[in-house]
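Numbers for residues simply follow the sequence, beginning at 1.
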Amino acid sequence: MATNPNSNQNEMILSQSQEDLVLNEIAKLAIENENKEEKQKQKLTTTSTSTSNLNNNNNNNLNSPTLNSRKSKKNIFQIAKQNLAVSVASSGIGKTIITSVLPNETQELLKCMFILVEQEASKKEAKSLEDKILKWLVKLAIDHQAKRISYKQFRSIDGIIRQAFELFCNVYDKTYAHTNNHTNVNHQRFIDICRPKFQQIEQMFLNVQIAVNDLIKSQLDWDTESLALLPSIITQITSTEFLLRCWTNPSLEAPLFELYHSMLRYTQFHYYE
């Protein structure tokens, strides 16, 4: 979504070559999983009764290596991408593949969000957030690669995200950062000053959520579960109450500062052309 102003290269969520790398690696993992399942089925076949063996052999013939070998590599990869890429994205290897090709600014931002959620809520909540974001990114990348949607269509929405980040940083500068001893401040004063601003941020991200899902629904055939990913993500990390809890918890000073810094860095990069 953003590019270094000193660079002439486009930098989207994932470039075409990066996207190909991600999806192909995930597809390979998916095929490996299918091969493991096939081997397990074969083991079960050898230990079953003669009647079951006959039935299983008939079924195995339909999925025999000989028949499978007739499928083109392209078709196998396409099926794997469509059916298994999103589920593999939440695996340890899948997460590594995806995050390694994201722009540095995006990696930093996501890492700071995960750390803040883990310390404010729990490790389980942070993992849930991470899984949802990566699943959403992979699903969008699949549709982009199939030319069903273009990242360029999200440019105007990126502008709303930048405005929300800038407001967050502004509130931080005027309240949190200038408090020398945060443990002794009047938390109610923080709440009175920050709540209206956080409500603005929450509304901005609600607008992002609506705009993105409206765009997706107008061009893609996502199921209800997939469409619910973004609203769940937005609610978890941009609600007024979540931000206020972070702001008034002295133990979150370090991760909150890191999030502020990552947002500030993101807003200093220009839109890609």
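- Summarising the geometry of Met263 relative to Cys169, their closest heavy-atom pair is CB-SG, 3.9 Å, with the distance given to 0.1 Å.
- Using a 3.5 Å distance cut-off with no hydrogens or angles, the side chains of Asp131 and Ser128 do not pair a donor with an acceptor.
- When side chains are defined from C-beta on, Ile115 does not count as touching Glu258, because their heavy atoms never get closer than 4.5 Å.
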Audit row: Ile233, Phe205, side-chain contact (heavy atoms from CB on, under 4.5 Å) steps and yes/no: CA-CA 10 Å; Ile233 293 167; Phe205 278 104; over 6 Å; no

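- Counting only heavy atoms from C-beta outward, the side chains of Thr235 and Ser232 never approach each other to under 4.5 Å.
- Here Leu102 contributes atom CG and Ile133 contributes atom CD1; the two are 10.5 Å apart, rounded to the nearest 0.5 Å.
- One hydrophobic cluster, built from ILVMFWY side chains closer than 4.5 Å, holds both Leu244 and Phe165.
- In this structure, CD1 on Ile191 lies 8.5 Å from CD on Glu241, to the nearest 0.5 angstrom.
- The two residues Ile237 and Met113 have their closest heavy-atom pair at CD1-SD, 3.7 Å.
- Between Ile142 and Arg148 there is a side-chain heavy-atom pair separated by less than 4.5 Å.
- Between Val212 and Trp136 there is a side-chain heavy-atom pair separated by less than 4.5 Å.
- Distance check: Asn213 CG to Ile234 CD1 gives 9.5 Å after rounding to the nearest 0.5 Å.
- Taking the six-membered ring for Trp, Trp247 and Tyr260 have ring centres at least 6.0 Å apart.
- Between the side chains of Glu166 and Thr267, not a single donor N or O lies within less than 3.5 Å of an accepting N or O.
- Phe154 and Leu220 fall within the same hydrophobic cluster, where Ile, Leu, Val, Met, Phe, Trp and Tyr residues are linked whenever their side-chain heavy atoms come under 4.5 Å apart, directly or through other members.
- For the residue pair Gln209 and Pro231, the shortest heavy atom distance occurs at OE1-CA, 3.5 Å.
- With rounding to the nearest 0.5 angstrom, the CZ atom of Phe168 is 13.5 Å from the CE atom of Met204.
- Heavy-atom minimum distance, Leu259 versus Ser262: O-OG, 2.8 Å.
- Distance check, rounded to the nearest 0.5 Å: CZ of Arg245 to OG of Ser239 gives 6.0 Å.
- Contact record, Gln200 with Leu167: CB-CD2, 3.7 Å, taken as the closest heavy-atom pair.
- With salt bridges taken as basic N to acidic carboxylate O contacts below 4.0 Å, none links Glu118 and Lys123.
- Remark: the Gln153 side chain and the Gln219 side chain contain an N/O donor-acceptor pair separated by less than 3.5 Å.
- Linking ILVMFWY side-chain heavy atoms closer than 4.5 Å, directly or via other members, places Leu256 and Phe242 in a single hydrophobic cluster.
- Residues Leu227 and Ile216 meet the side-chain proximity criterion, which asks for heavy atoms closer than 4.5 Å.
- Judged by a 6.0 Å distance limit and a 45° cone about the ring axis, Lys217 is not positioned over the six-membered ring of Trp222.
- Cys246 and Glu120 make their closest contact through SG-CG, 3.9 Å (heavy atoms, listed as atom of the first residue, atom of the second, distance).
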Where do Cys194 and Thr175 land on the side-chain contact (heavy atoms from CB on, under 4.5 Å) test, with the steps shown first? CA-CA 8 Å; Cys194 297; Thr175 59; 4.0 Å; yes

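- Under the 4.5 Å side-chain contact rule for hydrophobic residues, Leu206 and Leu129 do not share a cluster.
- A donor-acceptor pair shorter than 3.5 Å cannot be found between the side chains of Asp158 and Tyr151.
- With Thr240 as the fixed residue, the side chain to side chain donor-acceptor pair (under 3.5 Å) test singles out one of Glu202, Gln199, Lys197: Glu202.
- Applying the 6.0 Å contact sphere to CG of Asp221 captures no more than 12 heavy atoms from other residues, nucleotides or ligands.
- Residue Glu105 forms a salt bridge (Lys or Arg N to Asp or Glu O under 4.0 Å) with just one option from Lys111, Arg162, Arg265, and that option is Arg265.
- A distance of 14.0 Å separates CG in Leu116 from CZ in Phe257, rounded to the nearest 0.5 Å.
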